[in-house]
Every structure is written in C-alpha cells, then in structure tokens.
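This report refers to the structure that appears directly beneath it.
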Amino acid sequence: FEEALFEEALVSCNRAIELSEKYVSVFFNRVIAILGLNRWDEGIAALEYAFQNITPENEVDVEDIQLMIRILFKSTDRVEVWRSRLTTLVNIYEKHNVLPALGQGLVNNIPEIMSEMISDKAARIWLEVWQEQTSKFDDFQIPLRLLNTAVRYRETKGDRRALLELAIEERKLLQSILDLDQ
C-alpha cells in the first residue's frame with residue numbers, strides 16, 4: 001500500500017519537474033518518494049539535486065526532513081545501514097549549511113521512537129548512531145540531549161526524573177513533544 005503511494009508520488013514529482021515546476025517542495029517530495037521506495041542511492045542523488053536547484057531564499061521544510069528520518073528509521077533494523085545512510089545525510093546537510101534543520105527533523109521525530117511498537121534496544125541503538133554521527137556538531141547538542149533524555153525516559157518506563165537533567169526550557173519542549181502534561 002505504502003509503496004504504491006510512493007510510486008504515485010514519484011511519478012507526479014517527475015512530471016512536475018519535467019514541466020519546469022521549480023518549487024522546493026516538488027524536489028524534496030521526490031526525494032521522500034524515492035527513499036520511501038528504499039532506493040537510497042537514487043534518493044541521495046535526488047537530495048543533492050534538490051539542494052542544487054533551490055534558491056537561497058527557499059527554506060528547507062523540517063517536515064520533509066522529519067519524513068526522511070522516519071523513512072530511514074523504518075527502512076531497516078541493521079545498525080550498519082542506519083550508520084551509513086545517516087553519515088551520507090549528515091554530510092549533505094552539512095555541505096549545504098542546513099544542519100540545524102536536520103537537527104530539528106530529529107527532534108520532531110522523537111515521538112516515532114517512543115512508539116510501543118519500537119523496542120527499548122532499537123531506541124537506544126538509534127540514539128547511539130545519531131550520537132556517533134552528529135555529536136561533533138554544535139547544531140546537534142540540543143537535539144541529542146533531547147533524544148537522549150527521551151530514550152532514558154522510555155527506558156525508565158516513564159520516570160519523570162529522567163527529564164530533570166534538562167534545562168527547564170528543554171524539559172518543557174520535550175514534555176510538549178512527548179505530549180506529557182506539564
């Protein structure tokens with residue numbers, strides 16, 4: 001079902017590009033469709049193409065990034081694949097000076113890993129892969145703290161003391177993301 005939607009979206013995006021529709025959303029929707037079809041090499045090439053074809057006044061949509069991250073998470077449970085694909089994504093976003101948007105996409109994706117359908121082990125590994133690939137970037141310090149705290153909160157079965165290590169502003173943000181009553 002999902003694959004058919006991604007195929008249909010890809011056909012629509014390709015057609016729009018053929019018609020010279022240069023809207024940033026078309027390029028990034030095309031990336032999402034290709035990644036959703038688990039065609040990662042082609043998707044990464046499309047992402048590079050998207051960045052090359054947007055103008056400086058265009059902003060990267062964090063929702064698009066959130067979808068790419070969700071697709072990455074769901075595409076496999078193999079750590080080495082996550083690591084390789086994430087390395088590539090980080091390199092592209094760094095090259096185009098939009099790492100903060102990638103960090104925001106990670107933060108917005110926190111509810112995905114909090115799902116009961118995801119194991120604590122998978123959430124922990126996901127965190128560790130992100131830490132490995134992004135901890136050297138200042139733009140990822142807050143996103144990594146939020147993700148780390150969310151994973152610890154999950155592992156402690158909802159013990160709110162896990163949230164206390166965050167600054168009050170970060171704690172409020174994470175509580176909002178996790179839909180916890182303040």
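Residue pairs meeting the side chain to side chain donor-acceptor pair (under 3.5 Å) criterion with at least one partner in residues 25-43, sequence neighbours excluded, are Asn14-Arg30, Asn38-Trp40, Asn38-Arg85, Arg39-Glu42. Within the structure, ring pair (Phe, Tyr, Trp, His ring centres under 6.0 Å) pairs that include any residue of residues 66-87 comprise Phe73-Trp82, Phe73-Trp126, Trp82-Trp126 (at least two apart or interchain).
Looking at Pro111 and Leu178, their side chains never come closer than 4.5 Å, going by heavy atoms from C-beta outward. Contact annotation: the side chain of Asp61 never approaches that of Val24 to less than 4.5 Å [non-hydrogen atoms, C-beta and beyond]. Proximity of Phe6 to Ile34: side-chain heavy atoms (C-beta onward) are nowhere separated by under 4.5 Å. By the 4.5 Å heavy-atom criterion applied to side chains, Leu147 and Ile113 are counted as neighbours. Looking only at side-chain heavy atoms (C-beta outward), Arg124 and Arg152 come within less than 4.5 Å of each other.
Taking the six-membered ring wherever Trp is involved, the centroid distance between the rings of Phe27 and Phe51 does not fall below 6.0 Å. Aromatic ring centroids of Tyr23 and Phe28 lie 6.0 Å or more apart.
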Hey, mind stepping through Gln131 and Phe140 against side chain to side chain contact (heavy atoms under 4.5 Å, CB included) and telling me if it holds? CA-CA 9 Å; Gln131 287 172 327; Phe140 274 90; over 6 Å; no

Set out, in order, the CA-CA distance, both residues' side-chain angles and the distance that settles side chain to side chain contact (heavy atoms under 4.5 Å, CB included) for Val26 and Ile17, then state yes or no. CA-CA 7 Å; Val26 172; Ile17 291 169; 3.6 Å; yes

Worked check of side chain to side chain contact (heavy atoms under 4.5 Å, CB included) between Trp130 and Leu106: CA-CA 9 Å; Trp130 276 93; Leu106 175 62; 3.5 Å; yes

Starting from the C-alpha separation in whole Å, work towards a yes-or-no answer on side chain to side chain contact (heavy atoms under 4.5 Å, CB included) for Leu89 and Ile44. CA-CA 8 Å; Leu89 275 179; Ile44 293 304; 4.1 Å; yes

Stepwise side-chain hydrogen bond (donor to acceptor under 3.5 Å, both in side chains) check, Glu48 with His96: CA-CA 9 Å; Glu48 189 64 50; His96 294 283; 2.7 Å; yes

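Between the OG1 atom of Thr156 and the CG atom of Leu163 there is a distance of 8.0 Å, given to the nearest 0.5 Å. The CG atom of Leu146 sits 12.0 Å away from the CZ atom of Arg171 when rounded to the nearest 0.5 Å. The CG atom of Asn108 lies 9.0 Å from the CD1 atom of Ile65; values are rounded to the nearest 0.5 Å. Atoms CD and CD1, from Glu2 and Ile71 in turn, are 7.5 Å apart once rounded to the nearest 0.5 Å. Atom CD1 of Ile177 is separated from atom CG of Asn109 by 10.5 Å, given to the nearest 0.5 angstrom. Here the straight-line distance linking atom SG of Cys13 with atom CD of Glu8 works out to 10.5 Å at 0.5 Å rounding.
Smallest separation of non-hydrogen atoms from Val90 and Leu99: O-CD2, 3.9 Å. The minimum heavy-atom distance between Asp120 and Lys157, with the atom names listed, is OD2-NZ, 2.9 Å. Counting all heavy atoms, side chain and backbone alike, Val31 lies closest to Ala50 at CG2-CB, 4.4 Å. Across every non-hydrogen atom of Leu10 and Ala33, the tightest pair is N-CB, 3.8 Å.
Under the 4.5 Å side-chain heavy-atom criterion for grouping Ile, Leu, Val, Met, Phe, Trp and Tyr, Leu37 is connected to Ile69 within one hydrophobic cluster. Note on Val60 and Ile92: same hydrophobic cluster, where clusters join Ile, Leu, Val, Met, Phe, Trp and Tyr whose side-chain heavy atoms are under 4.5 Å apart, directly or indirectly. Note on Val11: it does not cluster hydrophobically with Tyr49, by side-chain heavy-atom contacts below 4.5 Å among ILVMFWY residues. Criterion: ILVMFWY side-chain heavy atoms under 4.5 Å apart, direct or through other members. Under it, Val79 and Leu127 are part of a common hydrophobic cluster. Taking hydrophobic clusters as Ile, Leu, Val, Met, Phe, Trp and Tyr residues chained together by side-chain heavy-atom distances below 4.5 Å, Ile110 does not share a cluster with Val62.
Between Glu112 and Lys74 a salt bridge is recorded (basic side-chain N to carboxylate O distance below 4.0 Å). A salt bridge links Arg15 with Glu18: the distance from a Lys NZ or Arg NE/NH1/NH2 to an Asp or Glu carboxylate oxygen falls below 4.0 Å.
In Glu59, the CD atom is not crowded: 12 or fewer heavy atoms of neighbouring residues, nucleotides or ligands sit closer than 6.0 Å. Heavy-atom contacts from other residues, nucleotides or ligands closer than 6.0 Å to CD of Glu132 number more than 12.
Among residues two or more places apart in sequence or in another chain, the side-chain hydrogen bond (donor to acceptor under 3.5 Å, both in side chains) test is passed with Glu170 by Arg145.
The backbone N or O of Thr87 lies less than 3.5 Å from a partner atom in the side chain of Asn91, making a donor-acceptor pair.
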